[in-house]
Every structure is written in C-alpha cells, then in structure tokens.
Amino acid sequence: MDRYTIFKFNEDFPDDDACLEHVAAMVYPTFPELPCRECKRPVKHHRLTGRKAYSCQECGTHVYPLAGTIFEKSRTPLKSWFYAMYIMSTTRMGISAKQLERELGVTYKTAWRMFKQIRTLMAEDAGTLSGILEVDETYVGGRPRHRQPRKGPRLASDPTAKRPIVGMVERGGNVHATVTPDTKRRTIMPLVKAHVLPDSTVFTDESAQYGTLKRDGYAHWRPSCN
C-alpha cells in the first residue's frame, strides 16, 4: 500500500492557488468551466488576481468555490488548512490542537477552531463506501492543559484519555470516521460491514483486528500477506 507522503503532499499542493483549484475542481466537476448564474450554462472562468474567486469570461460574474465550506470566512492560508487535514488524517496516534498550533505557526485559538472543524467534518457520515479503500484506527484528544496527572488506570469515561477513531477512506472518494470505545475486532468489523459494500478491496495494516475481512466477502490487502 503506497503511503501518501509529505513530499507528495507538497508536490500536489505547493501553494494556496493549487489548493483553491483543488477545491474548485471538487465543487465543480466541469472546472475550469463553471456554472454561471447569468449565462445559465457552464462557461470558462478565470482566476481573479488576489481573490479566492473566478470570473466568467463572457459576462464577468464571480464564482466563489469556498462558499459553504469550512474555509469560507477564514483568514488562515488554504495551504495551512490542507496541511492540518493531512496531518490529522495520516498521524497514527492522532494529534492535538496544541500540536497544530506548533506545526502551523498560528495562535492556539485558531488551531483549536481548525481542529474542531476538521474533526467534525471527518466524523460526518459519508454513507456506503465501495471500490478501493483503506481502513485504519487512530486516537485523538488527550489530557487537557494544566491538568494534574491522574492515578490509577484510565477508563473509557475518563475525559483526559485519548479517544479511538476508526476511519474508512475511499481512494479519491468519501470518508467515514467513527469514535469507538476501543479498537477490538468485535468493534471494528461491524462498522466495516455497515459502511463498506461486499467485494470492495480493503487495505489495512497488519493488525489482527482485520483478519476476517476475506471471510466476510472483501478483498483484503496488507503488507505481510500480499
């Protein structure tokens, strides 16, 4: 399974312009032809210098691809948003808003707002997944700042403990992420069966939790056995 590396990320999204084009292409499949509300049809649009918008080449009407997204009213660079999403979705043990603050060089208030919005977006139900996808587990949250260490074992109800999340990602498609009480097979497999169509190809790591995928009707690929 090929990993999406930081080198590849920077190659795909070198600056804010590349990030804006990516959003526009996701919102409007006909990009760079965008639907013009005045011309009443898809027309080629050109980027407006210094603005996160495009202008119809025939009538000049503006289109704003970020409208209705988590980026719409943010002053934070799009590259920073994309990088935050990259590290939140690829870091195995999860990250905190404090780490985002350090990584992005923004205030803690900005990092927390980004963290909360991205995590909420990742947790939205994407419906049924199919095709080629990856399934993995990670952890988010953790001890709040200035909290004294707690003695004894952590329980699932302990607000200072990290929370496990099981994520399922279609290649080039939707994402489904669920907060779970643990990462045991008895917890993960019902989620896979509920959200992934049979005959899909599922990539995982070598964890034993995924050992029954083939038996359950999926094509299962992992480093040690393929």
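All values derive from a computational prediction rather than experimental measurement.
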Within a strict 4.5 Å, meaning less than it, do heavy atoms of the His46 and Ser55 side chains meet? no

When you measure from the side chain of Lys40 to the backbone of Arg37, do you find a donor-acceptor pair of N or O atoms at a distance under 3.5 Å? yes

Is there a side-chain contact between Thr204 and Glu134, using heavy atoms and a 4.5 Å cut-off? no

Separation between OH of Tyr83 and CG of Leu100, rounded to the nearest 0.5 Å: 9.0 Å

Measure the shortest side-chain to side-chain distance between Met114 and Met88 over non-hydrogen atoms and say whether it is less than 4.5 angstrom. no

Check the side chains of Tyr64 and Arg51 for a donor-acceptor pair under 3.5 angstrom, ignoring hydrogens and angles. yes

Please name the pair of heavy atoms, one in Thr76 and one in Ser74, separated by the smallest distance, quoted to 0.1 Å. N-OG, 3.1 Å

If only side-chain N and O atoms count, and only distance matters, is there a donor-acceptor pair under 3.5 Å linking Thr201 with Trp221? no

What closest approach, in Å, do Pro14 and Lys79 show between heavy atoms, and which atom pair accounts for it? O-NZ, 3.6 Å

Gap between atom OG1 of Thr107 and atom CD of Glu101 - 0.5 Å precision: 7.0 Å

Side chain to side chain, Pro42 and Cys36, heavy atoms closer than 4.5 Å: no

Between His45 (side chain only) and Val43 (backbone N and O only), is there a donor and an acceptor less than 3.5 Å apart? yes

Counting N and O atoms only, with roles assigned by atom type, does the side chain of Asp16 sit under 3.5 Å from a partner on the main chain of Pro77, one being a donor and the other an acceptor? no

Tell me, do Lys8 and Tyr86 make a side-chain contact under 4.5 Å, heavy atoms counted? no

Euclidean distance, Lys44 NZ relative to Gln57 CD, rounded to 0.5 Å: 6.5 Å

Contacts of Arg215 meeting salt bridge (Lys or Arg N to Asp or Glu O under 4.0 Å) (sequence neighbours excluded), chain-then-number -> none

Scanning both residues in full, the closest heavy-atom pair of Met168 with Val192 reads SD-CA, 4.0 Å

Salt bridge flag under 4.0 Å for residues Asp17 and Arg47: yes

Nearest 0.5 angstrom please: Lys98 NZ to Glu103 CD, how far? 13.0 Å

When Glu137, Arg222, His220 are each screened for side-chain hydrogen bond (donor to acceptor under 3.5 Å, both in side chains) with Tyr210, the one that passes is Glu137

Start with the C-alpha distance between Asp15 and Leu78, add both sets of side-chain angles, then the distance that settles side chain to side chain contact (heavy atoms under 4.5 Å, CB included), and finish with yes or no. CA-CA 8 Å; Asp15 51 34; Leu78 278 177; over 6 Å; no

Quick one: does Thr178's side chain have a donor or acceptor within less than 3.5 Å of a partner on Thr180's backbone? no

Please test Arg185 against Thr212 for side chain to side chain contact (heavy atoms under 4.5 Å, CB included), starting from the C-alpha separation and ending with a verdict. CA-CA 9 Å; Arg185 179 184 296 177; Thr212 62; 3.4 Å; yes

Would you name the heavy atoms of Thr183 and Gln209 that are closest together and state the gap between them? O-NE2, 2.9 Å

Looking at residues at least two apart in the chain, or sitting in another chain, which of them share a side chain to side chain donor-acceptor pair (under 3.5 Å) with Tyr54? none

Closest non-hydrogen atom pair, Leu197 against Tyr218: O-CE2, 3.3 Å

Do the side chains of Pro181 and Thr187 get nearer than 4.5 Å, heavy atoms only? yes

Short question: side chain of Glu170, backbone of Gly131 - any donor-acceptor pair under 3.5 Å? no

Rounded to the nearest 0.5 Å, the CD1 atom of Ile188 sits from the CG atom of Asp182 at a distance of 8.0 Å

Rounded distance [0.5 Å steps], OG1 in Thr61 versus CG in Leu34: 11.5 Å

Show which side-chain atoms of residues 21-32 pair as donor or acceptor with protein atoms under 3.5 Å away, not counting sequence neighbours.
from: Thr30; atom 1: OG1; to: Glu33; atom 2: O; distance (Å): 2.4

Would you check if Phe82 and Phe71 make a side-chain contact, meaning some heavy-atom pair closer than 4.5 Å? yes

Does the gap between the ring centers of Phe9 and Phe13 come in under 6.0 Å? yes

Please determine whether side chain to side chain contact (heavy atoms under 4.5 Å, CB included) holds for the pair Leu133 and Val169, giving the CA-CA distance in whole Å, both sets of side-chain angles, and the decisive distance to 0.1 Å. CA-CA 5 Å; Leu133 58 145; Val169 184; 5.8 Å; no

Note: Ala53 and Pro65 closest approach over all heavy atoms is CA-CD, 4.4 Å

Below 4.5 Å, heavy atoms only, C-beta onward: do Val166 and His176 meet side chain to side chain? no

